[in-house]
Trainee: 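So that we are looking at the same thing, I have put the structure below in structure tokens.
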Amino acid sequence: MKKLQKIALFCYCLLFFCICALPGAMLFAVNTQEENTENRELAAVPSLLKEDGGFNEAWSSQVQSYVSDHFGFRSALVTADSTLKAKLLHTSAEEDVIIGKDGWLYYTPTVQDYLGNPTVSDLGIANICRNLELMQDYAAQMNSHLLVTVVPNKSTVYPQYMPANYKPSGVDNNLTRLTQAIADAGLPYCDMAQALTASAADVQLYHKHDSHWNNTGALYGYRALLDAAGITHTTYADLAFEESNVWEGDLQRMLFPQSTELDVQHVYPISFTYRYLGRYKDADDLNIDTMQPTGNGALLMFRDSFGEAIIPYLSEHFATAKYSRARPYPMHHLENMQYDLVIAEIVERNISWLQKEAPKHHALTAAEVPAADRECEGTLYVVNDGTKYLHLYGTMEFSDAQQAPRYYVTLTDAAGTSTTYLAYNCYEAELLGDDEVRDNGFSLWLDSAFCNTTEPCSITVTADMGTHVQQKQFSGISLAANVH
């Protein structure tokens with residue numbers, strides 16, 4: 001009997017020790033190999049010393065962040081927590097994922113668009129239209145045609161599956177206001193939201209567990225783009241798709257990191273014959289080039305993650321195509337090759353980016369500058385990015401803008417020779433160290449071959465505000481160094 005008691009006591013003590021040791025084991029079982037399924041960068045291994053050799057005062061907090069992001073069994077525990085909350089409370093344990101009706105998942109950063117809470121001001125919308133106008137003018141100067149499109153958020157196309165507690169305000173959101181402003185300005189535009197919502201009730205165009213469209217949505221998008229461009233194309237309208245559970249949804253992966261459940265993808269019996277040029281890894285590549293010997297014309301497309309599913313359809317149509325995920329938009333590609341069509345595609349939730357970064361190309365010149373009737377305060381930065389381009393950007397202070405300003409940047413060298421360039425209405429928030437995208441920024445790029453003076457020059461920034469013209473002069477500016 002005593003022997004059994006000793007064995008029982010030993011087992012009890014062993015179990016007690018294991019339970020107590022479990023948290024410690026989890027802390028030390030740091031998993032550095034597990035795939036990151038979150039839409040953020042996980043904490044890196046902290047260093048005890050800083051680059052200058054001094055002690056890293058933030059080391060303790062950085063260790064806590066690292067362990068929190070990498071401790072053993074993390075994915076299993078996150079999945080278990082998410083499953084319990086989803087099944088029992090119908091709430092999401094992941095702040096970037098919304099659990100909708102009938103198993104639909106939505107991306108939280110799209111909520112403001114769905115609710116009708118504008119995140120871009122009326123002046124910001126006008127600034128974006130001005131930027132699209134400049135992009136169109138530059139493309140035309142390079143004998144190309146620009147087409148802009150905004151791919152709607154999933155909740156814009158399928159609002160019926162959003163949770164009932166999310167109540168739209170009825171106020172026009174960014175996309176509605178921008179679409180109307182573009183129409184008023186007569187700019188080339190593909191209304192992708194209209195094209196998709198018109199068919200959304202007949203066929204599923206977006207994944208239930210992913211933030212993106214499926215192959216059918218991309219096919220409808222391809223048709224809408226080439227229809228808007230006035231290009232005759234293969235429609236694939238006579239093809240039927242098969243449903244196959246092969247798609248790993250990004251929202252599903254964020255919410256349930258260890259889930260093996262796959263989403264439905266529409267698989268079409270299409271034998272694409274285009275081929276990739278150069279090194280190709282996957283559809284997330286920064287640049288992708290394709291060739292189709294029987295295709296027609298040349299395409300340059302600036303795209304985001306929605307471009308992934310549409311690439312096969314477009315590549316099968318065009319003889320050559322270049323797809324770029326680079327930011328800012330590298331429109332300077334038009335200087336190296338003739339493209340018949342330039343597509344600028346962006347998802348609805350990122351509309352504000354269109355007044356955040358100026359497309360990269362040698363700026364258009366202006367024949368004349370309106371006479372200024374007042375001085376104003378402003379900032380100017382000149383940055384040599386290590387390539388052949390100089391980046392000039394800054395801000396102009398104003399409080400009574402009635403319309404999008406027209407910015408003119410005049411460079412005057414030591415000999416008194418002046419050249420005036422048109423600037424985009426872009427507030428370079430990241431470069432300016434600002435978390436917000438404001439409405440009073442200007443930005444342009446210059447080919448350094450046109451600015452080869454080694455002598456300091458003066459730069460005058462003029463803003464035509466419609467009701468008045470204001471100006472700020474900067475003297476002694478070196479085009480070879482970063483200044484402000």
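Excluded from the calculations below are hydrogen atoms, water molecules and symmetry mates; all remaining heavy atoms, backbone and side chain alike, are included.
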Trainee: Which pairs count as salt bridge (charged side-chain N to carboxylate O under 4.0 Å, His left out) when at least one residue sits in residues 163-183, sequence neighbours excluded?
Mentor: Asp122-Arg177

Trainee: Mind telling me whether Phe241 and His266 have parallel, tilted or perpendicular rings, with 30° and 60° as the class edges?
Mentor: parallel

Trainee: For the CD atom of Glu94 and the CD1 atom of Ile99, what is their distance to the nearest 0.5 Å?
Mentor: 10.5 Å

Trainee: Distance from Leu411 atom CG to Ile477 atom CD1, nearest 0.5 Å?
Mentor: 9.5 Å

Trainee: May I have the step-by-step check of side chain to side chain contact (heavy atoms under 4.5 Å, CB included) for Phe302 and Val342, ending in yes or no?
Mentor: CA-CA 8 Å; Phe302 306 121; Val342 179; 3.7 Å; yes

Trainee: Answer yes if the side chains of Ser443 and Glu428 hold a donor-acceptor pair under 3.5 Å, and no otherwise.
Mentor: yes

Trainee: Keeping the roles fixed (side chain from Thr420, backbone from Ala366), state whether a donor-acceptor pair exists under 3.5 Å.
Mentor: no

Trainee: Can you tell me how far CG of Leu132 sits from CG of Leu178, rounded to the nearest 0.5 angstrom?
Mentor: 7.0 Å

Trainee: Could you tell me how the ring of His332 sits relative to the ring of Tyr389: parallel (under 30°), tilted (30 to 60°) or perpendicular (over 60°)?
Mentor: tilted

Trainee: Specify whether Phe450 and His362 have parallel, tilted or perpendicular ring planes, treating 30° as the upper limit for parallel and 60° as the lower limit for perpendicular.
Mentor: parallel

Trainee: Val437 vs Trp353, test: side chain to side chain contact (heavy atoms under 4.5 Å, CB included). Steps then yes/no.
Mentor: CA-CA 8 Å; Val437 179; Trp353 290 2; 5.9 Å; no

Trainee: Determine whether a donor-acceptor pair (N or O, by modelled atom type, separation under 3.5 Å) exists between the side chain of Glu308 and the backbone of Asp284.
Mentor: no

Trainee: Salt-bridge test for Arg253 and Asp210: reply yes if a basic N is under 4.0 Å from a carboxylate O, no otherwise.
Mentor: no

Trainee: If you look at every heavy atom in Val264 and His207, which pair is closest and at what distance?
Mentor: O-ND1, 3.1 Å

Trainee: When you compare the side chains of Tyr323 and Ser315, does any donor N or O come within less than 3.5 Å of an acceptor on the partner?
Mentor: yes

Trainee: Would Met135 and Tyr424 count as a side chain to side chain contact (heavy atoms under 4.5 Å, CB included) if you check the C-alpha gap in whole Å, the side-chain angles of each, and the deciding distance to 0.1 Å?
Mentor: CA-CA 9 Å; Met135 290 175 65; Tyr424 285 94; 3.6 Å; yes

Trainee: Salt-bridged, Lys208 to Asp263, with N to O below 4.0 Å?
Mentor: no

Trainee: Under 30°, 30 to 60°, or over 60°: which ring-plane class applies to Tyr161 and Trp104, parallel, tilted or perpendicular?
Mentor: parallel

Trainee: Salt bridge or not between Glu133 and Arg406? Use side-chain N to carboxylate O under 4.0 Å.
Mentor: yes

Trainee: Assess the side chains of Asn425 and Gln355: does a donor N or O sit below 3.5 Å from an acceptor N or O?
Mentor: no

Trainee: Would Asn127 and Tyr427 count as having a side-chain donor-acceptor pair, cut-off 3.5 Å?
Mentor: no

Trainee: Is there a side chain to side chain contact (heavy atoms under 4.5 Å, CB included) between Gln292 and Thr273? Walk through the geometry before answering.
Mentor: CA-CA 7 Å; Gln292 170 53 274; Thr273 59; 2.8 Å; yes

Trainee: Side chains of Ser144 and Gln338: donor-acceptor distance under 3.5 Å anywhere?
Mentor: no

Trainee: Once rounded to the nearest 0.5 Å, what's the spacing between atom OH of Tyr280 and atom CD1 of Ile288?
Mentor: 5.0 Å

Trainee: Distance only, no hydrogens: is a donor on one side chain within 3.5 Å (strictly under) of an acceptor on the other, for Asp184 and Gln180?
Mentor: yes

Trainee: Report the relative orientation of the aromatic rings in Tyr393 and His391; use parallel for angles under 30°, tilted for 30 to 60°, perpendicular for over 60°.
Mentor: tilted

Trainee: Below 6.0 angstrom between ring centroids: does that apply to His333 and Tyr339?
Mentor: no

Trainee: How many angstroms lie between CD in Glu316 and OG1 in Thr234, if you round to the nearest 0.5 Å?
Mentor: 8.0 Å

Trainee: Between Ser352 and Asn174, is the side-chain hydrogen bond (donor to acceptor under 3.5 Å, both in side chains) condition met? List the steps.
Mentor: CA-CA 9 Å; Ser352 65; Asn174 295 336; over 6 Å; no

Trainee: Would you please classify the geometry between the Phe306 ring and the His212 ring as parallel, tilted or perpendicular, with 30° and 60° separating the classes?
Mentor: tilted

Trainee: Would you mind telling me which of Thr156, Asn214, Leu196, Thr216 makes a side chain to side chain contact (heavy atoms under 4.5 Å, CB included) with Tyr206?
Mentor: Leu196

Trainee: Please tell me whether Gln471 and Thr462 have a donor and an acceptor in their side chains that are separated by less than 3.5 angstrom.
Mentor: yes

Trainee: Just verifying a value: how many Å separate Ile343 CD1 and Thr149 OG1, rounded to the nearest 0.5 Å?
Mentor: 8.5 Å

Trainee: With a 3.5 Å distance limit and no angle check, can you tell me whether Arg349 reaches the backbone of Thr110 through a side-chain donor-acceptor pair?
Mentor: no

Trainee: When you measure from the side chain of Thr290 to the backbone of Arg275, do you find a donor-acceptor pair of N or O atoms at a distance under 3.5 Å?
Mentor: no

